[in-house]
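Here's the structure we're looking at; comments come further down.
Remember, predicted model here, so these are calculated numbers, not experimental data. Computation of the quantities below employed the complete heavy-atom set of this structure, encompassing side-chain atoms and omitting hydrogens, waters and symmetry-equivalent molecules.
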Amino acid sequence: MKHRDNKTILVTGGAGYIGSTLVRMLLQKGYRVVCVDKLKFGGASLVDIWGDPNFVLHNIDITDSKALDDVFKQYDIYAVVHLAAIVGDPACKLEPELATRTNLEASIHLLENAIRFQVRNFVFASTCSNYGKMKDPNGFVDESSPLRPISLYAELKVEFETILLKQKTINSFCPTVLRFATVYGISPRMRFDLTVNEFTKELALGRELSVFGEQFRRPYCHVRDISQAIMRVVSFPDNRVSYEIFNVGDTSQNYTKKMVVNEIMKEIPDGQVKYVPRDEDPRDYCVCFEKIKNVLGYDITRTVPQGIREILTSLRMGIIENPDSQIYYNTPAVGAI
């Protein structure tokens, strides 16, 4: 059965940290959402939208080419939002072969299907980690800056970006690369292996927080604002987003690890922190986000301090009962980084 009239959007990884937030926003805007997810971390993040007539889940792994082909045959897909991946440096390092199959090979097959079935928009979730360590420690990187991936995770993202943006000979195809800042905040599929979330959790639970390399910088963006950026790309005219790369975040939200800790300490003044000196971290960069602001009129709605407070509130109220549970981690929990 076809659903072109309702602008069907395929979201890979729709049960994940970003995906479970995004699919709700899409449904609220009247889109039909086809979610593809192998539910590695369970499906509880989708329970409350299970009965929505515009939502359907296919419990498949995107490395299963035949199953993915069948999804494209079943629906008249208007746009693909590709979030599914082995996410993060530690997870990719732990299972490099799986990371390559998932993040590159399966992504290429997904792209081939999108072209074959004349999908209009293809939004790819990439990462600011692609920039690696900046040459100028006092400057900012932007979309035109050289890429210096220093992990398998970033290398695979850069490789697929290159493949995606080479499709310019194809008419009526609109691919967009979104390089996300480091994400934080409450999500239906919560994660506590992300810097802001993990630091806040550790101090909220009364533990001593170990911070390695307090001076290293990174931009941060709330999971809802990441999802809002995807929504904007899907709804914008093709000539504004076609074959474009956008950093997703806000320039004011570049923080060192120590700056993040300082914000948490405003809420937990008796928190115990141990700073462990590190002279080298290849993931040290400040990012400029003016392009997405100027081209798409994008603005964030939440800041790091606000995100810290919402995580603290959820923990203190017992909304998240066991934040140490492995379900909140993409790799075996090993403590703060």
Q. Do we get R189 above F41's six-membered ring, with its NZ or CZ under 6.0 Å from the centre and within 45° of the axis?
A. yes

Q.
Is any side-chain heavy atom of I292 closer than 4.5 Å to one of V248?
A. yes

Q. Within the distance-only criterion (no hydrogens, no angle test), does the side chain of K157 pair as donor or acceptor with the backbone N or O of P149 below 3.5 angstrom?
A. no

(Q) Working to the nearest 0.5 angstrom, can you tell me the gap between K201 NZ and L194 CG? (A) 11.5 Å

Q) V33 pairs by side-chain contact (heavy atoms from CB on, under 4.5 Å) with which of L26, D52, I49? A) L26

Q | D142 and K291, any side-chain heavy atoms less than 4.5 Å apart | A | no

Q) Would Y328 and L83 show up in the same hydrophobic cluster when neighbours are defined by side-chain heavy atoms closer than 4.5 Å? A) yes

Q: Using the six-membered ring wherever Trp is involved, compare the ring planes of F160 and F124 and label them parallel, tilted or perpendicular (cut-offs 30° and 60°).
A: perpendicular

Q. Mind checking whether I264 and V273 have side chains closer than 4.5 Å, heavy atoms only?
A. no

**Q.** Steps toward side chain to side chain donor-acceptor pair (under 3.5 Å) verdict (Y75, R32)
**A.** CA-CA 10 Å; Y75 304 95; R32 178 178 177 85; 4.8 Å; no

Q) More than 12 heavy atoms of other residues, nucleotides or ligands under 6.0 Å from CZ of R24: is that the case? A) yes

(Q) Tell me the closest heavy-atom pair linking R240 and F246, and the distance in Å. (A) O-CZ, 3.7 Å

Q | Backbone N/O of D324 and side chain of Q326: donor-acceptor pair under 3.5 Å | A | no

Q. Would you say the side-chain atoms of S235 pair up with the backbone N or O of R232, donor to acceptor, closer than 3.5 Å?
A. yes

**Q.** Where L68 and I60 come nearest, the two heavy atoms and their spacing
**A.** N-CD1, 3.9 Å

Q) For the hydrophobic clusters of this structure (ILVMFWY residues joined by side-chain heavy atoms under 4.5 Å, transitively), does one cluster hold both M259 and V196? A) yes

Q. Taking the side chain from N103 and the backbone from I86, do they hold a donor-acceptor pair closer than 3.5 Å?
A. yes

Q. If you look at every heavy atom in V177 and S126, which pair is closest and at what distance?
A. CG1-CB, 3.8 Å

Q. How many angstroms lie between CE in M265 and NZ in K258, if you round to the nearest 0.5 Å?
A. 9.0 Å

Q) Is V11 linked to I226 within one hydrophobic cluster, defined over Ile, Leu, Val, Met, Phe, Trp and Tyr using a side-chain heavy-atom separation of less than 4.5 Å? A) yes

(Q) Between N121 (side chain only) and V80 (backbone N and O only), is there a donor and an acceptor less than 3.5 Å apart? (A) no

(Q) Test your reading of the model: is there a side-chain donor-acceptor pair from D225 to the backbone of I300, 3.5 Å cut-off? (A) no

Q: For E310 and I186, indicate whether the former's side chain and the latter's backbone hold a donor-acceptor pair under 3.5 Å.
A: yes

Q | Under 3.5 Å side-chain donor-acceptor pair for D69 and N113 | A | yes

Q: Could you state whether Y243 and I108 fall into the same hydrophobic cluster, counting links through intermediate Ile, Leu, Val, Met, Phe, Trp or Tyr residues with side-chain heavy atoms under 4.5 angstrom apart?
A: yes

Q: To the nearest 0.5 Å, tell me how far M231 CE sits from I9 CD1.
A: 7.5 Å

Q) Is the side chain of K93 donor-acceptor paired with the backbone N or O of L152 at a distance under 3.5 Å, no angle test? A) no

Q. Are any of the side-chain heavy atoms of T256 and R217 separated by less than 4.5 Å?
A. yes

Q: Assess whether side chain to side chain donor-acceptor pair (under 3.5 Å) is satisfied between H82 and S107, documenting all intermediate values.
A: CA-CA 8 Å; H82 184 29; S107 296; 2.7 Å; yes

Q | Closest non-hydrogen atom pair, F289 against D250 | A | CD1-C, 3.3 Å

Q: Please name the pair of heavy atoms, one in N130 and one in A154, separated by the smallest distance, quoted to 0.1 Å.
A: OD1-O, 3.5 Å

Q) Do L98 and Y329 belong to the same hydrophobic cluster, where Ile, Leu, Val, Met, Phe, Trp and Tyr are linked whenever their side-chain heavy atoms lie under 4.5 Å apart, directly or via other members? A) no

Q: Using a strict cut-off of less than 4.0 Å between a Lys/Arg side-chain nitrogen and an Asp/Glu carboxylate oxygen, indicate whether D284 and R278 qualify as a salt bridge.
A: no

Q. Taking everything shown except Q306 itself, do over 12 heavy atoms lie less than 6.0 Å from its CD?
A. yes

Q | Side chain proximity check, I115 to F122, heavy atoms < 4.5 angstrom | A | no

Q: For salt bridge (charged side-chain N to carboxylate O under 4.0 Å, His left out), just list the numbers for D64 and K38, CA-CA rounded to whole Å, side-chain angles, deciding distance to a tenth of an Å, and then say yes or no.
A: CA-CA 10 Å; D64 186 340; K38 70 174 182 178; over 6 Å; no

**Q.** Nearest atoms (heavy-atom pairs only) where E143 meets N247
**A.** OE2-N, 2.7 Å

Q) Do K7 and Y31 meet the cation-pi criteria used here (NZ or CZ under 6.0 Å from the six-membered ring centre, within 45° of the axis)? A) no

(Q) Applying salt bridge (charged side-chain N to carboxylate O under 4.0 Å, His left out) to E290 and K293, what does each step give before you reach the verdict? (A) CA-CA 5 Å; E290 291 306 302; K293 183 180 182 70; over 6 Å; no

Q. Is the shortest distance from a Lys or Arg side-chain nitrogen in K40 or D61 to a carboxylate oxygen in the other one below 4.0 Å?
A. no

Q. Would you say K257 and Y275 make side-chain contact, with heavy atoms under 4.5 Å?
A. no

Q: Answer yes or no: is there a donor N or O on one side and an acceptor on the other, between the side chain of Y184 and the main chain of V304, under 3.5 Å?
A: yes

Q: Sequence neighbours left out, what passes side-chain contact (heavy atoms from CB on, under 4.5 Å) with A15? Give chain and number order.
A: D37, L39, S45, L46

Q | N239 backbone acceptor or donor facing S242 side chain under 3.5 Å | A | no

Q) Heavy atoms, side chains only, cut-off 4.5 Å: are M25 and I230 in contact? A) no

**Q.** Atom pair CD/CD of Q167 and E112 - distance to nearest 0.5 Å
**A.** 9.0 Å

Q. Can you tell if the side chain of L209 reaches within under 4.5 Å of the side chain of E202, non-hydrogen atoms only?
A. yes

Q) Can you tell me how far the CG atom of L178 sits from the CD atom of E244, to the nearest 0.5 Å? A) 11.0 Å

